[in-house]
Amino acid sequence: MNINDILARIGYVRNTVNLSARELSLRMGMSPQYVAQIERGRIVLTVEKLLQILEICNFPLKRFFSDDIFNYETDKELENLLQSLPVDKKKNIIEFIKK
């Protein structure tokens with residue numbers, strides 16, 4: 001993941017809670033253009049500001065940095081279901097998927 005991926009993810013996070021860049025900026029106590037400038041790479045994003053954005057948007061840090069931010073919930077549900085299975089059932093699923 002590079003800086004452009006991170007900046008794009010900020011836009012995704014913001015859009016998931018239907019906040020404009022201006023609205024998010026104001027909730028952060030910053031100028032109305034602040035988030036838009038971050039997303040365009042014109043302002044250096046600090047860890048503190050990233051965490052603030054995620055907190056305002058109620059967006060989990062783990063999901064933000066996951067390999068697949070879009071399907072995170074589905075992947076997590078599947079992982080939890082698989083973890084709860086006994087070993088023999090897990091092996092059956094592995095064999096089924098391999099076929």
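From a predicted model like this one, the values you see are computed outputs, not experimental measurements.
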For [X], look at atom [atom1] and say whether over 12 heavy atoms of other residues, nucleotides or ligands are found less than 6.0 Å away.
{"X": "Asp67", "atom1": "CG", "value": "no"}
{"X": "Lys90", "atom1": "NZ", "value": "yes"}
{"X": "Asp5", "atom1": "CG", "value": "yes"}

Euclidean distance, [Y] [atom2] relative to [X] [atom1], rounded to 0.5 Å:
{"X": "Ile56", "Y": "Leu51", "atom1": "CD1", "atom2": "CG", "answer": "11.0 Å"}
{"X": "Phe59", "Y": "Ile69", "atom1": "CZ", "atom2": "CD1", "answer": "4.0 Å"}
{"X": "Gln52", "Y": "Leu24", "atom1": "CD", "atom2": "CG", "answer": "8.0 Å"}
{"X": "Phe96", "Y": "Asn92", "atom1": "CZ", "atom2": "CG", "answer": "11.0 Å"}

Are [X] and [Y] joined in one hydrophobic group, where the rule is that I, L, V, M, F, W and Y side chains link up if heavy atoms are under 4.5 Å apart?
{"X": "Leu54", "Y": "Phe70", "value": "yes"}
{"X": "Ile43", "Y": "Ile3", "value": "yes"}
{"X": "Ile38", "Y": "Leu50", "value": "yes"}
{"X": "Val44", "Y": "Val47", "value": "no"}

Name the atoms and distances for all side-chain donor-acceptor pairs under 3.5 Å in residues 74-83, with sequence neighbours left out.
| residue | atom | partner | partner atom | Å |
| --- | --- | --- | --- | --- |
| Glu79 | OE2 | Gln83 | NE2 | 3.4 |
| Asn80 | ND2 | Lys76 | O | 3.3 |

Practice problem: Could you tell me which non-hydrogen atom of Ser25 sits nearest to which non-hydrogen atom of Ser31, and how far apart they are? | Solution: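 Here Ser25 and Ser31 meet closest at CB-O, 3.0 Å.
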Quiz item: Are any of the side-chain heavy atoms of Val35 and Met30 separated by less than 4.5 Å?
Solution: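 No - every pair of side-chain heavy atoms lies 4.5 Å or more apart.
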Determine all donor-acceptor pairs shorter than 3.5 Å in which one atom belongs to a side chain in residues 7-18; sequence neighbours excluded.
| residue | atom | partner | partner atom | Å |
| --- | --- | --- | --- | --- |
| Arg9 | NH1 | Phe64 | O | 2.3 |
| Arg9 | NH1 | Ser66 | O | 2.9 |
| Arg9 | NH2 | Ser66 | O | 3.1 |
| Tyr12 | OH | Arg63 | NH2 | 3.1 |
| Arg14 | NE | Glu39 | OE2 | 2.7 |
| Arg14 | NH1 | Leu19 | O | 2.9 |
| Arg14 | NH2 | Glu39 | OE1 | 3.0 |
| Arg14 | NH2 | Glu39 | OE2 | 3.4 |
| Asn15 | ND2 | Gly11 | O | 2.9 |
| Thr16 | OG1 | Val13 | O | 2.6 |

Quiz item: Residues in salt bridge (Lys or Arg N to Asp or Glu O under 4.0 Å) with Glu55, at least two apart?
Solution: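 Per chain and number, Glu55 pairs via salt bridge (Lys or Arg N to Asp or Glu O under 4.0 Å) with no residue.
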Self-check item: Pairing of Glu95 and Lys99 as salt bridge, 4.0 angstrom limit
Solution: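 Salt bridge absent between Glu95 and Lys99.
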